[in-house]
Amino acid sequence: MIKRPIHLSHEFLEEVLDGNSIAVDATMGKGNDTAFLAGLAKKVYAFDVQQEALDKTQERLDQLGISNAQLILDGHQNVDKYVEDPIRAAIFNLGYLPTADKSIITQPDTTLVAIEKILEGLEIGGRLAIMIYYGHAGGDKEKDAVLDYMSHLDQKLFTVMTYQPINQINTPPFLVMAEKLS
Ligand SMILES: C[S@@+](CC[C@H](N)C(=O)[O-])C[C@H]1O[C@@H](n2cnc3c(N)ncnc32)[C@H](O)[C@@H]1O
């Protein structure tokens, strides 16, 4: 069966992760991506602005016996305050956490600051996956801002791709992938 964007996002990052890698989950939520990255990397830095996300993720990591993730109650726009080592792989799932406060959504300005800092911190060959959910109020604006920013990255420095369903009704999420070249 054809891969969904969310599955490709994991495969794309999995290809470059190993036991020496540093990974970043920029939007922790319930910890799906944190747990996935932690299973492959040396250490994961995971960010969210909601305590509920940290609690849910910690519970999940405890159940899985995972202890190599640092859960950070702060916005991803402050990623450089916490992550000093070069980053091998990072992921964003934009939008809101369906099971929590739906008014807490990622915002274009802070998302772009975080993307810029993470791209700066990526190792050569490092990868960034951005899952764009844009069906909610404000989502379109963030989608456009991210696509505008990513499509203007210097092609000598980054390869950038999208993977998107184009014949579905509504606003299915899609994936933007970037790899650092030099
Ligand atoms: C679509 S959800 C993430 C889902 C998550 N990947 C999972 O596995 O459950 C988006 C998350 O981003 C968080 N968020 C919003 N603004 C943020 C910010 N500035 N920094 C970090 N996280 C933020 C929200 O609280 C929400 O939990």
Side-chain angles (χ1 to χ4, degrees), residues 3-14 17 22-41 43-64 66 68-83 87 89-121 127-147 149 163-165 170-178:
K3 272 173 210 153
R4 292 171 57 193
I6 187 83
H7 294 137
L8 185 62
S9 72
H10 281 191
E11 288 186 16
F12 175 65
L13 299 183
E14 188 170 15
L17 282 169
I22 299 299
V24 172
D25 182 357
T27 51
M28 186 189 321
K30 285 186 291 182
N32 285 321
D33 298 319
T34 305
F36 169 74
L37 295 170
L40 299 164
K43 177 161 182 182
V44 180
Y45 295 87
F47 293 84
D48 207 292
V49 291
Q50 300 189 66
Q51 181 62 46
E52 187 180 339
L54 274 75
D55 295 343
K56 289 231 167 83
T57 299
Q58 189 59 60
E59 206 177 301
R60 185 186 199 118
L61 297 180
D62 288 346
Q63 278 166 5
L64 295 168
I66 291 174
N68 58 337
Q70 181 178 339
L71 309 188
I72 299 163
L73 182 62
D74 199 352
H76 40 222
Q77 62 274 21
N78 297 318
V79 59
D80 54 326
K81 290 190 186 154
Y82 302 89
V83 186
I87 300 163
I91 190 163
F92 288 76
N93 270 262
L94 302 179
Y96 60 82
L97 188 60
T99 53
D101 183 346
K102 292 190 179 131
S103 70
I104 303 178
I105 55 171
T106 52
Q107 302 286 343
D109 291 355
T110 41
T111 297
L112 290 187
V113 170
I115 289 174
E116 188 175 3
K117 288 182 175 177
I118 286 172
L119 290 176
E120 172 73 29
R127 292 180 173 183
L128 169 64
I130 308 170
M131 281 296 304
I132 302 190
Y133 293 79
Y134 62 103
H136 56 284
D140 245 331
K141 200 169 150 220
E142 186 175 44
K143 167 179 73 74
D144 292 344
V146 171
L147 285 177
Y149 181 83
Y163 184 66
Q164 179 170 25
N170 301 322
T171 51
F174 67 98
L175 173 64
V176 177
M177 296 167 277

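Along the sequence shown, residues carry numbers from 1. Indexing begins at 1, ligand by ligand and atom by atom, following the structure's order.
- A donor and an acceptor atom, one from each side chain of Asp25 and His76, are nowhere located under 3.5 Å apart.
- For His7, there are no ring-ring contact (aromatic ring centres under 6.0 Å, His included) partners two or more places apart in sequence or in a different chain.
- Of the charged side-chain nitrogens involved, at least one lies within less than 4.0 Å of a carboxylate oxygen, so that Lys143 and Asp140 count as a salt-bridged pair.
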Distances only, to 0.1 Å: what are the N or O pairs between ligand 1 and the protein that fall under 3.5 Å?
| from | atom 1 | to | atom 2 | distance (Å) |
| --- | --- | --- | --- | --- |
| ligand 1 | 6 (N) | Thr27 | O | 3.0 |
| ligand 1 | 6 (N) | Asp33 | OD2 | 3.0 |
| ligand 1 | 8 (O) | Asn32 | N | 3.0 |
| ligand 1 | 8 (O) | Asn32 | ND2 | 3.3 |
| ligand 1 | 9 (O) | Lys30 | N | 2.8 |
| ligand 1 | 19 (N) | His76 | NE2 | 3.3 |
| ligand 1 | 19 (N) | Gln77 | OE1 | 3.1 |
| ligand 1 | 20 (N) | His76 | N | 2.8 |
| ligand 1 | 20 (N) | His76 | ND1 | 3.2 |
| ligand 1 | 25 (O) | Asp48 | OD1 | 2.6 |
| ligand 1 | 25 (O) | Gln50 | NE2 | 2.8 |
| ligand 1 | 27 (O) | Asp48 | OD2 | 2.7 |

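- Enclosure of atom CD in Gln70 by more than 12 non-hydrogen atoms of other residues, nucleotides or ligands within 6.0 angstrom is indicated.
- Considering only residues two or more places apart in sequence or on other chains, Lys30 meets the salt bridge (charged side-chain N to carboxylate O under 4.0 Å, His left out) condition with none of them.
- Not counting sequence neighbours, the partners of Val146 by the side-chain contact (heavy atoms from CB on, under 4.5 Å) test are Leu94, Thr111, Leu112, Ile115, Ile130, Ile132, Glu142, Met150.
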